[in-house]
2 protein chains.
Amino acid sequence: METVEKLTKTLRNHGMKITPQRLMIFKILENNTSHPSAEQVFKRVKKIYPTVSFTTIYKTLETLRDLGEVQELIIDEDRKHYDPNTDTHHHVICSNCKKILDVFEDFSQHVKLPDTLKKDYTVSGFQISFHGICKDCN
Amino acid sequence: METVEKLTKTLRNHGMKITPQRLMIFKILENNTSHPSAEQVFKRVKKIYPTVSFTTIYKTLETLRDLGEVQELIIDEDRKHYDPNTDTHHHVICSNCKKILDVFEDFSQHVKLPDTLKKDYTVSGFQISFHGICKDCN
DNA sequence: CATTATCTAACAATCATTATTATTTAAATT
DNA sequence: AATTTAAATAATAATGATTGTTAGATAATG
Ligand SMILES: [Mn+2]
Ligand SMILES: [Mn+2]
Ligand SMILES: [Zn+2]
Ligand SMILES: [Zn+2]
């Protein structure tokens, strides 16, 4: 995700409005490495704007995803998680508490779609999900 | 997944019953490489047992998952998919039609959790999801 | 064949997410 | 600064996948 400042311009360039709710969501996401779910974002926004609607969170996350500003992570079977870091990177998730940490290693030299499948799929990228148990859950 | 024959014994060893509905689900899954969703399994069972309940499909898939006989794939944001192949392998999914194909390459020599994270997570494995567009969807 | 624990099917409930819409508001225009 | 208007918000309902409940059916055992 861009800085909140640049993101503001990006939205305006797309004819979108900057609202206090959106600004709060941007600030929560900026440099956020916790991979929050929509609900976790909602709870934090609610502390400042108690009347905020869940719909606003979902719509804003959808907007950011469509702009390519956040990545939607499909890794927790129960809910989607959002990642403002859109650089190629990977994750490790705890099967118990679903805590997600970043894995910043470049596997691109070794992880490639086999040639036999290249004729069937035009691949845009890949994601690696490590599964395990975090130290808090033992 | 084991053969239907062996699986039958496994279930009996666990005090579980072999019903016609379950046998049909087992047969549908045996050697199935299409990564069906619960609904796709349901539709196929329904052709033979028109009165089968969706609950039976879900319960049976849950049972097979808990026995370690099928893998639940979290890769399509809309629904879970089921894979009778429980050997470590990976997948490529079409972002458009959600068709999933197997990727049988052993990346385990190169894909490892970085040492810096080893103290935080006890990893049981990893999954690679290649994303792209299949040839049918261009 | 009788017993019994498990399974099925019908149904309801849950929960994350999406759709709808009246009201509000950002921000461009006068 | 007031007016205008397209877009966003919030409230609410709807959706759809999945899970929970339970009474009746059935597989398995002796
Ligand atoms: Mn990340
Ligand atoms: Mn597979
Ligand atoms: Zn944990
Ligand atoms: Zn496709």
Side-chain angles (χ1 to χ4, degrees), chain A residues 4-5 7-26 28 35-67 69-70 72-82 98, chain B residues 4-5 7-26 28 35-67 69-70 72-82 98:
Chain A
V4 173
E5 195 185 3
L7 187 49
T8 296
K9 288 177 188 163
T10 301
L11 286 193
R12 290 222 174 90
N13 287 341
H14 284 260
M16 294 167 172
K17 293 178 179 174
I18 309 303
T19 64
Q21 293 91 334
R22 284 185 166 178
L23 268 179
M24 178 57 45
I25 295 171
F26 298 168
I28 285 168
H35 309 93
S37 64
E39 191 190 11
Q40 288 169 323
V41 174
F42 175 61
K43 282 183 174 164
R44 287 194 54 189
V45 176
K46 225 181 169 187
K47 286 182 180 168
I48 311 297
Y49 300 103
T51 64
V52 74
S53 156
F54 220 138
T55 311
T56 301
I57 310 299
Y58 275 113
K59 280 273 160 58
T60 302
L61 289 171
E62 181 189 38
T63 298
L64 288 172
R65 182 201 59 194
D66 291 349
L67 288 171
E69 295 289 339
V70 302
E72 212 168 55
L73 299 183
I74 311 301
I75 176 172
D76 175 351
E77 63 182 347
D78 293 326
R79 49 185 60 76
K80 293 170 184 168
H81 290 259
Y82 294 87
K98 310 302 173 67
Chain B
V4 174
E5 194 185 2
L7 187 48
T8 296
K9 288 177 189 165
T10 301
L11 286 192
R12 291 221 174 91
N13 287 342
H14 284 261
M16 294 166 170
K17 292 179 178 174
I18 308 303
T19 65
Q21 293 91 335
R22 284 185 167 179
L23 266 179
M24 178 58 45
I25 295 171
F26 298 167
I28 286 167
H35 309 94
S37 63
E39 192 189 9
Q40 289 170 322
V41 174
F42 175 61
K43 282 182 175 164
R44 288 194 55 189
V45 177
K46 226 181 167 185
K47 286 181 182 169
I48 311 297
Y49 299 103
T51 64
V52 73
S53 156
F54 221 138
T55 310
T56 301
I57 310 299
Y58 275 114
K59 285 273 159 62
T60 302
L61 289 171
E62 182 189 38
T63 298
L64 288 173
R65 181 201 60 195
D66 291 349
L67 288 171
E69 295 289 339
V70 302
E72 211 168 56
L73 298 183
I74 310 301
I75 178 172
D76 175 352
E77 63 183 345
D78 294 325
R79 49 187 60 76
K80 293 170 184 167
H81 290 257
Y82 294 87
K98 312 302 174 68

Worksheet item: Across the strands shown, which category fits B:Gln21 at heavy-atom distances under 4.0 angstrom: base, sugar-phosphate, nothing?
Response: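 B:Gln21: backbone/sugar contact only, no base atoms under 4.0 Å.
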Length of the line joining [X]:[atom1] and [N]:[atom2], which is rounded to integer Å:
X       : N      : atom1 : atom2 : result
A:Met24 : D:dA8  : CE    : P     : 18 Å
A:Asp66 : C:dT18 : CG    : P     : 11 Å
B:Met16 : D:dT29 : CE    : C1'   : 18 Å
B:Leu11 : D:dT26 : CG    : C1'   : 16 Å
B:Ile25 : C:dA9  : CD1   : P     : 9 Å
B:Asp76 : D:dT18 : CG    : C1'   : 14 Å
A:His14 : D:dA8  : NE2   : P     : 12 Å
B:Arg12 : C:dC7  : CZ    : C1'   : 14 Å

Discussion item. Working to the nearest 0.5 angstrom, can you tell me the gap between B:Thr60 OG1 and B:Ile28 CD1?
Written reply: 10.5 Å
Practice prompt. Tell me which of B:Ile18 and A:Tyr82 sits closer to the 5' end of DNA chain C, going by the nucleotide each one is nearest to.
Written response: B:Ile18
Discussion item. On DNA chain C, does the nearest nucleotide to A:Thr19 precede the nearest nucleotide to A:Ser37 from the 5' side, or the other way round? Give the residue.
Written reply: A:Ser37
Worksheet entry | B:Val70 to B:Leu61 - nearest heavy-atom pair and separation | CG2-O, 4.1 Å
Worksheet, complete the sentence: In short, A:Phe42 meets A:Val52 closest at the heavy-atom pair CE1-O, 3.5 Å
More than 12 foreign heavy atoms under 6.0 Å from [atom1] of [X]: is that the case here?
X       : atom1 : result
A:Lys80 : NZ    : yes
B:Arg65 : CZ    : yes
A:Lys98 : NZ    : yes

Fill in: Test item: B:Ile74 and A:Ile75 side chains (from C-beta on) under 4.5 Å apart, heavy atoms
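No, every pair of side-chain atoms sits at 4.5 Å or beyond.
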Practice prompt. By nearest nucleotide on DNA chain D, pick out whichever of B:Ala38 and B:Lys17 is the more 5' one.
Written response: B:Ala38
Worksheet item: How bent is the helix from C:dC1-D:dG30 to C:dT30-D:dA1, comparing axes over its five end pairs at each side, to the nearest 10°?
Response: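 That helix gives 30° between its end axes.
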Fill in: Positive for side chain to side chain contact (heavy atoms under 4.5 Å, CB included) with A:Arg22, one of A:Thr63, A:Thr56, A:Val45
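Among the candidates, only A:Thr63 passes.
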Practice prompt. Could you check B:Leu11 against B:Phe26 for side chain to side chain contact (heavy atoms under 4.5 Å, CB included), going step by step and ending with a plain yes or no?
Written response: CA-CA 12 Å; B:Leu11 286 192; B:Phe26 298 167; 3.3 Å; yes
Looking at [X], does any N or O in its side chain come under 4.0 Å of the phosphate oxygens OP1/OP2 on [N]?
X       : N      : answer
A:Arg79 : C:dC15 : no
A:Arg22 : D:dA7  : no
A:Lys80 : C:dC15 : no

Worksheet item: Heavy atom of residues 43-63 of chain B under 4.0 Å from DNA chain D: which residues?
Response: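 Those residues are B:Thr55, B:Tyr58, B:Lys59.
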Worksheet item: Where the side chain of A:His81 meets the backbone of A:His35, is there a donor-acceptor pair that is under 3.5 Å apart?
Response: yes
